[in-house]
Amino acid sequence: MSDELSLRDLRLQKLARMRELGFDPFAVERFESTGSANDLLADFDAKQGQAVAFAGRVVSHRLMGKAGFAHLSDGDGKIQGYFKKDDLGEAAWEVYQLLDIGDHVGVQGELFRTKTGEPSIHVRTLVPLSKALHTIPLGKEKEGQQWYGLTDTEQRYRHRNLDLICNPEAREMLIRRAQITREVRNYLDARGYLEVETPILQIVAGGAAARPFTTHYNAYDMDVKLRISLELYLKRLICGDIPKVYEIGRVFRNEGVSNRHNPEFTLLEFYEAYTDLEGMMEVVEGMFRHVAQAVFGTTQLAMRDGFVLDFSSPWRRVDLLDEIERLAGVTRADLATLESAHKALGDKVIVNTATGKRIVPEEEHNLGGLIEKLLEVFVEPTLIQPTFVVGYPIETSPLAKKDPNRPGITRRFEGYILGKEICNAFSEINDPIDQRERFEQQLGARAKGDDEAHPMDEEFIYALECGMPPTGGCGIGIDRMAMFLTGAEVLREVIFFPTMKPESREDD
RNA sequence: GAGCCGGUAGCUCAGCGGUAGAGCAACGCCCUUUUAAGGCGUGGGUCCUGGGUUCGAAUCCCAGCCGGCUCACCA
């Protein structure tokens with residue numbers, strides 16, 4: 001028998017004793033507080049003597065003979081209760097003694113200050129509202145400094161409820177993320193975009209270069225895929241003359257996890273008819289400015305080490321091939337064809353000495369991929385303040401309009417913050433003939449073994465053939481957006497339940 | 001997928017060849033305004049799993065599982 005089991009048994013015994021005393025925590029359905037802990041504490045001296053009710057979780061418990069204290073937390077704030085045997089009566093006093101850190105209770109009493117001046121509730125009535133059967137690893141704290149607590153990253157992610165109870169930063173992150181998505185919606189709604197929902201189960205999972213998850217639909221006895229993007233269905237709505245649409249939804253990519261990747265993540269995509277990639281840039285700039293201002297009260301966000309992430313002005317705009325020439329020394333002429341590029345780069349591994357990132361030119365078998373690799377290794381690390389990189393190669397952009405003035409280049413940009421991609425946008429292809437050719441090129445790549453190449457989607461082509469206006473579209477990873485704006489170091493801090501392998505449990 | 005680091009009490013950690021420790025939490029007693037409450041006492045561990053080396057393994061070796069970091073791939 002493990003120790004945890006005996007601690008749990010002990011708490012079950014306390015629960016049973018509470019029930020014997022006529023206080024069944026789990027029988028209570030409702031308890032109304034006069035206000036939040038912070039409400040009660042505000043302008044406290046004016047309210048001394050006032051009768052109040054308050055419910056919260058027990059986060060400290062100090063028994064001293066025939067009286068005692070406990071701090072009750074509502075998550076946002078906490079207030080101390082003073083419990084005295086004479087005031088509570090025998091049964092409720094025993095209930096107080098049976099309380100553990102982690103239990104929920106409701107109290108009624110008057111506001112007063114203790115001898116040491118702490119605003120407290122002089123409790124007359126105690127109502128247990130839940131019993132915690134496990135130890136809550138809440139550290140003790142003094143003057144804002146915390147001792148112990150839950151710090152093991154694995155446990156924090158596996159038991160996020162404990163993380164939220166024990167670590168105020170985790171709670172802060174959750175709230176900030178919610179505020180960020182709310183303000184994204186507010187911004188787009190105010191601009192006349194319609195929020196929609198499109199299928200997650202799809203026959204053809206397209207709109208991005210990624211491997212999908214596959215599952216089985218019993219009723220039709222067919223395999224279906226989980227979506228990897230929102231793009232194609234949203235554009236079918238544009239084809240239905242819904243001129244401004246967006247969706248914030250979960251997409252799934254069958255790939256590894258890292259500091260900046262999770263196999264399921266939240267994607268925002270928005271599409272607007274009769275505009276182009278420049279129009280999308282303005283929307284993106286405005287969105288970040290609005291969200292930063294609304295959530296953080298400033299468009300100049302202080303990051304660690306005194307760095308300020310600045311959304312107050314238009315984002316820097318650079319051309320992809322210009323930047324590669326400037327930072328990697330590879331010219332546009334070099335990048336005219338795959339052969340000329342290989343000739344220019346040679347067969348040696350090229351290392352960016354500043355970052356340690358490297359390219360193996362001979363491993364890149366198409367020009368677009370090679371160009372994007374050069375971007376990643378030499379350009380990305382320089383894109384710290386918000387920057388739009390314009391002009392992506394056609395091979396890796398099967399849904400973006402061709403640039404009429406630049407063969408091989410599309411009307412596409414990506415936005416970067418802190419050296420990482422944050423959005424991807426373009427003037428959408430609305431020529432069904434062009435779109436079919438692009439898909440066919442992708443099928444060619446797929447035949448050569450590229451299992452992330454885009455599949456053919458006849459339904460989508462059919463919608464284009466019925467007519468789609470010129471359209472600008474953009475995708476933004478909401479998790480990354482939350483990460484950048486909050487200054488979180490890893491994506492899993494803003495994904496509350498990151499994908500993890502199961503932990504084998506012996507006590508099942 | 002590769003490399004490096006880690007997994008010891010409920011939590012945070014120490015121990016790194018001689019048979020398991022601390023603080024907090026827990027349990028008992030004392031204490032009717034404390035606040036990292038205090039005092040006295042007590043219990044609690046397949047040292048991630050499975051092999052191996054050794055008289056002896058938490059400790060050394062091998063394999064595996066889970067996690068973290070870096071890299072690869074992608075948003």
Side-chain angles (χ1 to χ4, degrees), chain A residues 1-11 13-14 59-71 78 80-88 93 100-102 112-118 120 122 132-143 145-159 162 166 208-211 228-229 251 253-263 265-269 355-358 360 363 369 372-373 376 414-416 420-424 452 475-481 483 489-492 498 500-506:
Chain A
M1 189 175 80
S2 73
D3 185 46
E4 170 60 15
L5 205 55
S6 67
L7 287 175
R8 188 165 176 275
D9 286 346
L10 198 62
R11 292 190 172 210
Q13 286 167 17
K14 290 183 181 180
V59 294
S60 73
H61 189 248
R62 292 180 294 282
L63 170 66
M64 285 168 306
K66 296 185 180 59
F69 296 86
H71 276 99
K78 61 184 180 183
Q80 179 175 258
Y82 171 57
F83 303 79
K84 195 160 70 158
K85 185 180 182 182
D86 297 345
D87 299 327
L88 292 170
W93 174 245
D100 286 299
I101 289 173
F112 81 115
R113 277 191 194 274
T114 62
K115 231 180 241 177
T116 54
E118 172 154 355
S120 307
H122 190 136
L133 300 182
H134 293 284
T135 308
I136 306 299
L138 245 174
K140 297 191 172 185
E141 94 179 54
K142 185 182 189 181
E143 288 156 14
Q145 238 187 325
Q146 187 134 4
W147 281 260
Y148 322 113
L150 188 70
T151 62
D152 182 80
T153 311
E154 181 173 355
Q155 296 310 316
R156 288 184 49 230
Y157 296 161
R158 287 195 195 279
H159 306 300
L162 292 181
C166 300
R211 280 181 306 213
I228 58 173
S229 86
V251 299
R253 299 187 181 179
N254 209 333
E255 286 154 2
V257 296
S258 81
N259 269 348
R260 290 173 182 79
H261 300 87
N262 197 62
F265 65 99
T266 302
L267 188 59
L268 158 69
E269 289 192 24
T355 62
K357 285 177 175 286
R358 63 188 188 282
V360 185
E363 287 179 358
E372 291 209 12
K373 190 75 187 174
E376 179 194 328
E414 290 189 336
Y416 285 82
K420 297 292 167 192
E421 182 183 344
I422 180 66
C423 69
N424 177 26
E452 295 189 352
I476 295 181
I478 291 291
D479 311 277
R480 284 199 181 171
M481 183 178 190
M483 183 169 90
E489 302 258 296
V490 300
L491 201 66
R492 272 162 289 192
M500 298 185 84
K501 288 195 182 181
E503 183 185 36
S504 62
R505 298 193 55 158
E506 57 187 324

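Below, chains carry the letters A, B, ... as their sequence lines are ordered, and counting in each starts from 1.
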Would you please name every residue forming a side chain to side chain contact (heavy atoms under 4.5 Å, CB included) with [X], sequence neighbours left out?
X	result
R113(A)	F44(A), D45(A), Q48(A), P119(A)
E154(A)	D152(A), R158(A), M500(A), E503(A)
S60(A)	R62(A), H71(A)
M64(A)	F69(A)

So what does [X] touch, heavy atoms closer than 4.0 Å: a base, only the sugar-phosphate, or nothing?
X	answer
N262(A)	base
N259(A)	sugar-phosphate
R492(A)	sugar-phosphate
V59(A)	nothing

(Q) If you assign R11(A) and Q155(A) each to the RNA chain B nucleotide with the nearest heavy atom, which residue ends up on the more 5' nucleotide? (A)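 Whichever sits nearer the 5' end wins; that is Q155(A).
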Q) Pick the nucleotide of RNA chain B nearest each of E372(A) and L150(A); which residue has the one closer to the 5' end? A)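 Comparing both residues, the 5'-ward one is L150(A).
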When the [atom1] atoms of [N] and [M] are considered, how many whole Å apart are they?
N	M	atom1	value
A36(B)	G41(B)	P	23 Å
G18(B)	C5(B)	P	23 Å
A22(B)	C40(B)	P	15 Å
U19(B)	U8(B)	C1'	15 Å
G43(B)	G21(B)	P	12 Å

Q. Using purine N1 to pyrimidine N3 plus N6-O4 or O6-N4 for Watson-Crick, or N1-O2 and O6-N3 for G-U wobble, each under 3.5 Å, what pairs with G6(B)?
A.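 Pair assignment: G6(B) / C66(B).
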Q. Among C11(B), G67(B), C73(B), which is the nearest nucleotide to the side chain of P137(A)?
A.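 Nearest nucleotide to the side chain: C11(B).
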Q) Taking the side chain of L7(A) as heavy atoms from C-beta outward, which of C73(B), G10(B), G68(B) is closest to it? A)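 The nucleotide sitting nearest to the side chain is G10(B).
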**Q.** Set of residues satisfying side-chain hydrogen bond (donor to acceptor under 3.5 Å, both in side chains) with respect to R156(A), sequence neighbours excluded
**A.**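 Partners of R156(A) under the side-chain hydrogen bond (donor to acceptor under 3.5 Å, both in side chains) test: D163(A), E493(A).
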**Q.** R211(A) CZ to A72(B) C1', straight-line distance once rounded to whole Å
**A.**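 Checked: the CZ to C1' distance equals 12 Å.
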Q: Rounded off to whole Å, could you give me the CD-to-C1' distance for the E154(A) and C69(B) pair?
A: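 To the nearest whole Å, that distance equals 14 Å.
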Q: Please determine if a side-chain N or O atom of R158(A) lies less than 4.0 Å away from the OP1 or OP2 oxygen of C66(B).
A: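 No, R158(A) has no side-chain N/O under 4.0 Å of OP1/OP2 on C66(B).
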Q: Report yes or no: does R260(A) contribute a side-chain atom to a donor-acceptor pair with the main-chain N or O of R480(A) at less than 3.5 Å?
A: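 No, the answer is negative, given that no donor and acceptor are paired below the 3.5 Å cut-off.
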Q) Distance-only, no hydrogens or angles: does the N424(A) side chain make a donor-acceptor pair with backbone N or O of G475(A) under 3.5 Å? A)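 No: the side chain of N424(A) does not pair with the backbone of G475(A).
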Which pairs, protein N/O on one side and nucleotides 27-34 of chain B N/O on the other, fall under 3.5 Å?
from   : atom 1 : to      : atom 2 : distance (Å)
C27(B) : OP1    : K14(A)  : NZ     : 2.3
C31(B) : N3     : G65(A)  : N      : 3.2
C31(B) : N4     : G65(A)  : N      : 3.3
U32(B) : OP2    : K66(A)  : N      : 3.3
U32(B) : N3     : D86(A)  : OD2    : 2.8
U32(B) : O4     : D86(A)  : OD1    : 2.5
U32(B) : O4     : D86(A)  : OD2    : 2.7
U33(B) : O2     : K115(A) : N      : 2.6
U34(B) : O2     : R62(A)  : NE     : 2.8
U34(B) : O2     : R62(A)  : NH2    : 2.8
U34(B) : O2     : Q80(A)  : OE1    : 3.4
U34(B) : N3     : Q80(A)  : OE1    : 2.8
U34(B) : N3     : Q80(A)  : NE2    : 3.1
U34(B) : O4     : Q80(A)  : NE2    : 2.5
U34(B) : O4     : T114(A) : OG1    : 2.8

